[in-house]
Amino acid sequence: MTVDLSAVRPVDVLAIGAHRDDVELSCGGTLARCADQGYTTGVIDLTAGEMGTRGTAEARAVEAEAAAKVLGVSVRLNAGFPDAGIFNNQETRERLVSLIRRLTPRVVILPFLRGRHPDHRVVAELGRDACFLSGLAKFGDGEPPHRPHKILHSLAYREDTVKPTFVVDITDQFDRKRRAIACYASQFDGAQAAGEAFPTGQPLLELLEAKARHYGTLIRKGFGEPFYTEETMEANDIAELSVRSL
């Protein structure tokens with residue numbers, strides 16, 4: 001996505017994924033909701049997805065542009081890391097820190113700390129490290145330091161016992177999430193699985209809908225996307241806490 005970065009800084013909410021389509025699958029509805037709320041949103045895809053079994057890197061680039069428009073994403077960058085070969089080392093940290101400083105996000109969304117694709121697991125750790133190092137004035141490229149305020153990990157499609165810290169209501173945005181995912185025809189036409197979503201025998205979009213409906217039930221809403229934070233969340237008014245207990 002060609003854009004003047006000075007026109008979108010600061011990016012309020014930045015999602016970082018290993019591959020083009022990762023953020024659509026995991027937090028696309030949340031990005032759309034943030035855009036609806038007037039926040040500036042951005043995406044960093046760390047690779048071009050060139051190792052994908054289906055499609056090509058070139059096709060995925062076009063699909064990613066289309067999906068970003070559906071979700072109202074203001075800026076989408078690609079870090080150019082090797083697909084299926086992302087490592088958390090000095091070189092990748094420095095490159096990601098440079099991008100974070102260019103966008104100055106307040107909130108960063110990362111994959112969960114565990115995942116079946118090695119790139120997903122590494123990006124969760126690399127992203128956290130880069131967010132911290134980005135705040136060190138003497139680290140990296142000499143650009144002004146910037147450390148994001150909040151790091152969120154997407155819990156979408158997790159099958160372990162981790163309980164979401166919170167769930168975002170994406171009932172009004174779910175149709176756009178579906179349309180953004182459908183932009184990736186090279187990846188998902190006729191597919192029954194994607195990313196961390198294991199196949200159930202039903203078409204992929206039906207599987208994603210079932211998952212989003214499940215997360216929605218946790219907050220008594222139609223559709224939801226789950227997130228995890230390592231720090232405890234604060235409540236300022238317990239009389240106004242949402243989600244009924246009984």
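Along the sequence shown, residues carry numbers from 1.
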Colleague: Got a sec, which hydrophobics cluster with Leu136, joining ILVMFWY side chains under 4.5 Å apart, including via others?
Modeller: Val97, Phe132, Leu133, Phe139
Colleague: Please determine whether residues Leu126 and Leu103 belong to a single hydrophobic cluster, defined as Ile, Leu, Val, Met, Phe, Trp and Tyr linked transitively by side-chain heavy-atom distances below 4.5 Å.
Modeller: yes
Colleague: Can you find a pair of side-chain heavy atoms, one from Ser98 and one from Glu143, that are under 4.5 Å apart?
Modeller: yes
Colleague: Take a 6.0 Å sphere around NZ of Lys221 and say whether it holds more than 12 heavy atoms from other residues, nucleotides or ligands.
Modeller: no
Colleague: Test your reading of the model: is there a side-chain donor-acceptor pair from Thr165 to the backbone of Thr229, 3.5 Å cut-off?
Modeller: yes
Colleague: Could you report the tightest heavy-atom contact between Gly201 and Gln192, atom names first, then the distance?
Modeller: O-NE2, 3.4 Å
Colleague: Which pairs count as side chain to side chain donor-acceptor pair (under 3.5 Å) when at least one residue sits in residues 25-34, sequence neighbours excluded?
Modeller: Thr30-Glu225
Colleague: Considering residues at least two apart in sequence or located in another chain, which fulfil the ring-ring contact (aromatic ring centres under 6.0 Å, His included) criterion with Tyr157?
Modeller: none
Colleague: Starting from the C-alpha separation in whole Å, work towards a yes-or-no answer on side chain to side chain contact (heavy atoms under 4.5 Å, CB included) for Val122 and Thr92.
Modeller: CA-CA 11 Å; Val122 175; Thr92 55; over 6 Å; no
Colleague: For the pair Asp45 (side chain) and Asn78 (backbone), establish whether a donor and an acceptor sit closer than 3.5 Å, ignoring hydrogens and angles.
Modeller: no
Colleague: Establish whether Val107 and Val168 are linked, either directly or via other cluster members, by ILVMFWY side-chain heavy-atom contacts under 4.5 Å.
Modeller: yes
Colleague: Other hydrophobic cluster members with Met51, side-chain heavy atoms of Ile/Leu/Val/Met/Phe/Trp/Tyr under 4.5 Å, chained?
Modeller: none
Colleague: Just grab all the side chain to side chain donor-acceptor pair (under 3.5 Å) pairs involving residues 233-246, residues at least two apart or on different chains.
Modeller: none
Colleague: Backbone N or O of His214 within a donor-acceptor pair of the Thr217 side chain at under 3.5 Å?
Modeller: yes
Colleague: To the closest 0.5 Å, what do you measure between CD1 (Ile170) and CG (Asp36)?
Modeller: 11.5 Å
Colleague: For a salt bridge (charged side-chain N to carboxylate O under 4.0 Å, His left out) check, start with the C-alpha distance between Glu91 and Arg95, then their side-chain angles and the critical distance, and finish with the verdict.
Modeller: CA-CA 6 Å; Glu91 178 186 358; Arg95 289 169 65 182; 3.5 Å; yes
Colleague: With Phe174, which residues qualify under ring-ring contact (aromatic ring centres under 6.0 Å, His included), at least two apart?
Modeller: Phe223
Colleague: Can you name the salt bridge (Lys or Arg N to Asp or Glu O under 4.0 Å) partners of Arg106, sequence neighbours left out?
Modeller: none
Colleague: So how far is it from Cys131 SG to Ile100 CD1, rounded to the nearest 0.5 Å?
Modeller: 4.0 Å
Colleague: Where is the tightest heavy-atom contact between Leu207 and Ala197, given as atom of each residue plus distance?
Modeller: CD2-CB, 4.0 Å
Colleague: Would you list the pairs meeting salt bridge (Lys or Arg N to Asp or Glu O under 4.0 Å) in which at least one residue belongs to residues 15-29, sequence neighbours left out?
Modeller: Asp21-Arg60, Glu24-Arg76
Colleague: Nearest 0.5 Å, please: how far is CG in Asn88 from CG in Asp129?
Modeller: 4.5 Å
Colleague: Grouping I, L, V, M, F, W and Y whenever their side-chain heavy atoms are under 4.5 Å apart, do Leu46 and Leu77 come out in a common cluster?
Modeller: yes
Colleague: Counting distance only, does the side-chain N/O of Thr47 pair as donor-acceptor with the main-chain N or O of Ala18 below 3.5 Å?
Modeller: yes
Colleague: What salt bridge (Lys or Arg N to Asp or Glu O under 4.0 Å) pairs are there with at least one residue in residues 194-204, not counting sequence neighbours?
Modeller: Arg158-Glu196
Colleague: Indicate, with yes or no, if Leu99 and Val108 share a hydrophobic cluster defined by side-chain heavy-atom contacts under 4.5 Å among Ile, Leu, Val, Met, Phe, Trp and Tyr.
Modeller: yes
Colleague: Minimum heavy-atom separation for Val23 and Ile16, please, with both atom names.
Modeller: CG1-C, 4.2 Å
Colleague: Might you point out which heavy atoms bring Pro10 and Thr40 nearest each other, and give the distance in Å?
Modeller: O-CB, 3.9 Å
Colleague: If you round to the nearest 0.5 Å, how far is CG of Leu71 from SG of Cys183?
Modeller: 8.0 Å
Colleague: How close do Pro226 and Ala156 get, heavy atom to heavy atom, and via which atoms?
Modeller: CG-N, 3.7 Å
Colleague: For residues Thr41 and Gly72, report the shortest heavy-atom separation together with the two atoms involved.
Modeller: OG1-O, 3.5 Å
Colleague: How long is the straight-line distance from SG of Cys27 back to CG of Leu155, given to the nearest 0.5 Å?
Modeller: 12.0 Å
Colleague: Listing request: all salt bridge (Lys or Arg N to Asp or Glu O under 4.0 Å) pairs with a residue in residues 197-210, at least two apart in sequence or in separate chains.
Modeller: Arg178-Glu209, Glu209-Arg213
Colleague: Going hydrophobic residue to hydrophobic residue with side-chain gaps under 4.5 angstrom, can you get from Phe81 over to Ile44?
Modeller: yes
Colleague: Taking His146 for its side chain and Pro105 for its backbone only, find out whether a donor-acceptor pair lies under 3.5 Å.
Modeller: yes
Colleague: Side-chain contact test, heavy atoms from C-beta onward, threshold under 4.5 Å: evaluate it for Gln187 versus Leu25 and give yes or no.
Modeller: no
Colleague: Show the numbers, then the answer: is there a side chain to side chain contact (heavy atoms under 4.5 Å, CB included) between Phe227 and Ser154?
Modeller: CA-CA 5 Å; Phe227 295 90; Ser154 171; 4.3 Å; yes
Colleague: Has the side chain of Thr171 got a donor or acceptor atom that lies under 3.5 Å from a matching backbone atom of Gly222?
Modeller: yes
Colleague: Starting at CG of Leu31, measure out to OH of Tyr39 and round the result to the nearest 0.5 Å.
Modeller: 13.5 Å
Colleague: Among residues two or more places apart or on two chains, list those pairs meeting salt bridge (Lys or Arg N to Asp or Glu O under 4.0 Å) that have a residue in residues 108-124.
Modeller: Arg114-Asp160
Colleague: Under the rule for side-chain contact (heavy atoms from CB on, under 4.5 Å), what residues qualify as partners of Leu113, not counting sequence neighbours?
Modeller: Ala124, Arg128, His153, Glu230
Colleague: Going through the checks in order, is the side chain to side chain contact (heavy atoms under 4.5 Å, CB included) test met by Phe166 and Leu152?
Modeller: CA-CA 10 Å; Phe166 63 89; Leu152 310 178; 3.9 Å; yes
